[in-house]
Student: 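Below: one structure in structure tokens.
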Amino acid sequence: MFDLLIRNATLPDGRAGLDIGVRAGRIVAVEAAIAGEAAEVIDAGGLLVSPPFVDPHFHMDATLSLGLPRMNISGTLLEGIALWGELRPTLTREALVERALRYCDLAVSKGLLAIRSHVDVSDPRLVTAEALLEVRERVAPYIDLQLVAFPQDGYYRCPEAEAALSRALDMGVDIVGGIPHFERTMEDGARSVAALCRIAAERGLMVDMHCDESDDPMSRHVETLAAQTVRFGLQGRVAGSHLTSMHSMDNYYVSKLIPLMAEADLRVIPNPLINIMLQGRHDTYPKRRGHTRIPQLMEAGLTVGFGQDCVLDPWYSMGTGDLLDVAHMALHATQMGSGADKRALFDAVTVNSARIMGLDGYGIAPGCNADMVILQAKDPAEAIRLRPVRLKVIRRGKVIAETAPELSRLALDGRPDRVDPADYAPRHAS
């Protein structure tokens with residue numbers, strides 16, 4: 001007897017015609033034609049059943065604040081930071097919690113059940129940390145939420161940040177953050193990386209730094225981050241987010257840098273939507289688009305996971321909470337168009353990001369948590385192409401969100417009476 005039985009599922013690895021049996025919130029069987037009864041049976045109809053989407057880089061304290069106190073006219077990172085600085089003194093715990101919970105509702109509808117959010121700790125009031133810690137507790141039944149103590153105004157540049165970051169960690173914020181390229185000098189940036197890695201090592205925490213988020217090929221803090229990771233024995237526990245300066249670096253330097261990153265087992269978190277929006281603002285033509293070297297980093301064996309970063313905030317006036325939008329943009333910007341490429345990009349919004357966050361029990365296999373998404377698509381490549389409806393979103397074996405299939409009715413002589421976008425999956429794709 002099962003609590004839930006999903007019939008005729010296709011998994012991201014290509015296995016098809018499988019049933020998934022769930023008991024007590026965990027997957028207990030994944031095999032063809034499972035015999036047995038269940039309290040609830042869902043026929044996946046051969047469609048894709050994926051583990052939930054995972055966002056390893058987001059700013060939940062700023063989400064849904066677009067237009068407060070005004071719009072970002074230049075569209076630049078620096079004006080976004082300035083706007084946030086104007087808004088920050090007016091923030092209240094109640095407003096922060098309300099916006100964050102609304103975003104989490106949207107996330108669940110998109111099958112996004114794990115999020116790592118940076119929390120600005122530049123304001124010594126730490127109202128952002130208080131609010132997001134409350135949100136973490138309230139959404140725990142349906143979203144795994146990790147919080148990063150993020151000194152948005154610079155660990156050394158902001159006089160209050162050093163003490164505030166320590167207090168935020170004492171309050172229960174999970175991860176040490178930083179932004180070395182926003183310090184006043186390259187030397188201060190490198191010094192901040194060392195200090196923050198030391199704090200993480202002493203507290204037994206992970207590190208996730210905004211790093212080299214610029215078009216400047218001489219912004220090379222990721223080199224320092226990799227070196228300090230090795231120095232403090234933090235291999236596998238450190239992520240470098242954005243890394244957009246790598247887009248502008250020469251090939252010789254990158255040929256030395258990527259092996260150093262691999263030695264440090266550095267996690268890499270590009271944010272394709274925001275990176276392509278904010279970078280290259282000082283270029284005319286040719287115009288850089290600011291992505292880090294995603295294909296080369298993947299080829300080197302580094303764990304690469306994509307973040308949404310922003311939704312409707314001072315930095316980004318777009319965003320849907322859909323990680324498949326992120327993978328879709330990455331595919332176009334990187335020209336990763338083969339079948340293997342598309343699978344790698346799908347992994348970047350699922351299993352890779354789960355590895356970056358250190359999620360226990362993630363996946364579709366016996367013993368894993370029964371967290372799944374049924375998509376109106378046949379395989380990962382089609383999921384990225386279509387960004388399809390999430391027919392069912394399942395958390396610990398319980399359906400927590402569902403959407404009717406997308407079907408268009410036609411009235412055309414001699415043609416079918418309906419169109420299902422999932423029916424267009426190519427039979428022979430490489």
Side-chain angles (χ1 to χ4, degrees), residues 55-63 81 84-85 87-89 91 93 96-97 99-100 114-137 139-140 143-183 188-213 221-222 224-225 228-229 232 234 237-242 266-267 269 271 307 309-310 313 315 356-358:
D55 184 351
H57 187 105
F58 193 65
H59 291 265
M60 199 173 285
D61 50 4
T63 195
I81 292 174
W84 177 246
L87 176 61
R88 190 168 50 209
L91 295 173
R93 177 169 175 164
L96 285 160
V97 168
R99 285 197 294 265
I115 302 171
R116 175 182 287 181
S117 176
H118 294 257
V119 182
D120 185 8
V121 296
S122 299
D123 183 345
R125 295 183 303 151
L126 289 180
V127 64
T128 49
E130 291 177 353
L132 268 294
L133 285 165
E134 177 183 339
V135 171
R136 184 178 69 184
E137 182 177 354
V139 303
I143 289 178
D144 294 306
L145 178 59
Q146 292 180 351
L147 302 177
V148 183
F150 175 50
Q152 171 78 75
D153 292 348
Y155 185 65
Y156 289 128
R157 185 171 183 167
C158 175
E160 296 89 358
E162 190 170 352
L165 183 139
S166 291
R167 286 195 293 118
L169 296 175
D170 291 341
M171 290 165 62
V173 174
D174 308 280
I175 298 164
V176 178
I179 185 168
H181 56 278
F182 196 62
E183 301 292 351
D188 279 354
R191 197 160 58 95
S192 75
V193 171
L196 292 162
C197 285
R198 182 184 296 278
I199 290 170
E202 290 173 348
R203 289 177 177 257
L205 301 177
M206 293 190 287
V207 176
D208 190 334
M209 289 197 193
H210 289 59
C211 203
D212 300 329
E213 188 184 359
H221 295 296
V222 65
T224 304
L225 182 61
Q228 296 296 342
T229 297
F232 287 105
L234 296 171
R237 291 164 49 190
V238 177
S241 296
H242 295 289
L266 204 66
R267 289 11 184 160
I269 309 175
N271 297 278
D309 199 1
C310 305
D313 69 11
W315 294 273
I356 289 170
M357 288 183 62

Student: So, do His181 and His242 have ring centers that fall under 6.0 Å from each other?
Tutor: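 Ring centroids of His181 and His242 are no less than 6.0 Å from each other.
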Student: Taking all atoms of both residues into account, what is the closest heavy-atom pair of Cys211 and Pro180, and its distance?
Tutor: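 Cys211 and Pro180 have their closest heavy atoms at SG-CG, 4.3 Å.
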Student: His210 and Phe182: aromatic ring centres closer than 6.0 Å?
Tutor: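 Not under 6.0 Å, so no.
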Student: Would you compute the distance between atom CE of Met171 and atom CG of Leu132 and round it to the nearest 0.5 angstrom?
Tutor: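 Here the interatomic distance stands at 10.0 Å.
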Student: Could you grab the distance from atom CZ of Arg136 to atom CD of Gln146, nearest 0.5 Å is fine?
Tutor: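 So the CZ of Arg136 and the CD of Gln146 are separated by 9.5 Å.
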Student: So, for Phe232 and Cys197, which heavy atoms are closest and what is the spacing to 0.1 Å?
Tutor: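 Closest heavy-atom pair between Phe232 and Cys197: CD1-CB, 3.8 Å.
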Student: Might you point out which heavy atoms bring Met206 and Met357 nearest each other, and give the distance in Å?
Tutor: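 Residues Met206 and Met357, closest heavy atoms: CE-O, 4.0 Å.
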Student: In plain terms, say whether Arg88 and Asp153 are close enough for a salt bridge, that is, a side-chain N and a carboxylate O under 4.0 Å apart.
Tutor: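 Judged by the 4.0 Å cut-off on N to carboxylate O distance, Arg88 and Asp153 do form a salt bridge.
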Student: Restricting to non-hydrogen atoms, name the atom on Val173 and the atom on Val148 that form the minimum distance, rounded to 0.1 Å.
Tutor: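 The pair with the smallest heavy-atom distance is CG1-C, 3.7 Å.
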Student: Measuring from Met209:CE to Ile175:CD1, what's the distance to the nearest 0.5 Å?
Tutor: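 So the gap between those two atoms works out to 12.5 Å.
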Student: Any side-chain to backbone donor/acceptor pair from Asn271 onto Ile269? Under 3.5 Å, distance only.
Tutor: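 Judged by distance alone, yes, a pair lies under 3.5 Å.
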Student: When rounded to the nearest 0.5 angstrom, what is the spacing between CG in Leu145 and CZ in Phe58?
Tutor: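 CZ of Phe58 is found 10.5 Å from CG of Leu145.
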Student: Would Glu183 and His221 count as a side-chain contact (heavy atoms from CB on, under 4.5 Å) here? Give the steps.
Tutor: CA-CA 11 Å; Glu183 301 292 351; His221 295 296; over 6 Å; no
Student: Got a sec, which residues hit salt bridge (Lys or Arg N to Asp or Glu O under 4.0 Å) with Glu160, two or more places apart in sequence or on another chain?
Tutor: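 For Glu160 there are no salt bridge (Lys or Arg N to Asp or Glu O under 4.0 Å) partners, ignoring immediate neighbours.
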Student: Compare all side-chain heavy atoms of Ser192 with those of Ile179 and state whether any distance is below 4.5 angstrom.
Tutor: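 Result no, sub-4.5 Å side-chain heavy-atom pair not found.
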Student: How far apart are the C-alpha atoms of Gln228 and Val207, what are their side-chain angles, what is the distance that settles it, and do they pass the side-chain contact (heavy atoms from CB on, under 4.5 Å) test?
Tutor: CA-CA 11 Å; Gln228 296 296 342; Val207 176; over 6 Å; no
Student: Testing the basics here: between Arg203 and Leu169, what is the closest heavy-atom pair and its distance to 0.1 Å?
Tutor: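 Heavy atoms of Arg203 and Leu169 come nearest at NH1-CB, 3.5 Å.
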Student: Show your working on side-chain contact (heavy atoms from CB on, under 4.5 Å) between Leu91 and Arg99 and close with a plain yes or no.
Tutor: CA-CA 11 Å; Leu91 295 173; Arg99 285 197 294 265; 3.6 Å; yes
Student: Do Asp309 and His57 have a side chain donor and acceptor closer than 3.5 Å?
Tutor: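 Short answer, yes.
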Student: Under a 3.5 Å distance rule, please check whether Thr224 uses its side chain to pair with a backbone N or O of Ala190 as donor and acceptor.
Tutor: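 No, the answer is negative, given that no donor and acceptor are paired below the 3.5 Å cut-off.
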Student: Between Ser117 and Asp61, do the side chains contain a donor N or O and an acceptor N or O under 3.5 Å apart?
Tutor: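 No, Ser117 and Asp61 have no side-chain donor paired with an acceptor closer than 3.5 Å.
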Student: With side-chain contact (heavy atoms from CB on, under 4.5 Å) as the test, would you mind laying out the steps for Leu126 and Val121 before giving the verdict?
Tutor: CA-CA 6 Å; Leu126 289 180; Val121 296; 3.8 Å; yes
Student: If you measure from OG1 on Thr128 to CZ on Arg93, what distance do you get to the nearest 0.5 Å?
Tutor: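 These two atoms lie 11.0 Å from each other.
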Student: Do Thr229 and Leu234 come close enough that some side-chain heavy atom pair is under 4.5 Å?
Tutor: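 SC-SC contact between Thr229 and Leu234 confirmed.
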Student: Side chains of Val139 and Ile115: does their closest heavy-atom pair fall under 4.5 Å?
Tutor: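 The answer is no; the side chains never approach within 4.5 Å.
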Student: Between Arg267 and Arg237 (side chain of the first, backbone of the second, donor and acceptor by atom type, cut-off under 3.5 Å), is there such a pair?
Tutor: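 No, the answer is negative, given that no donor and acceptor are paired below the 3.5 Å cut-off.
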Student: Is the closest side-chain heavy-atom distance between Arg157 and Asp188 below 4.5 Å?
Tutor: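 Contact flag for Arg157/Asp188 side chains = no.
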Student: Which of parallel (below 30°), tilted (30 to 60°) and perpendicular (above 60°) describes Trp84 and Trp315?
Tutor: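 Ring orientation, 0 to 90° scale: tilted.
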Student: How close do Glu134 and Val97 get, heavy atom to heavy atom, and via which atoms?
Tutor: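 In terms of heavy atoms, the two residues are closest at OE1-CG2, 3.7 Å.
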Student: Any donor-acceptor pair under 3.5 Å linking the side chain of Asp208 with the backbone of Gly177?
Tutor: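 Checked: no pair found.
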Student: When rounded to the nearest 0.5 angstrom, what is the spacing between CD in Glu162 and OH in Tyr155?
Tutor: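 Result: 3.5 Å between the selected atoms.
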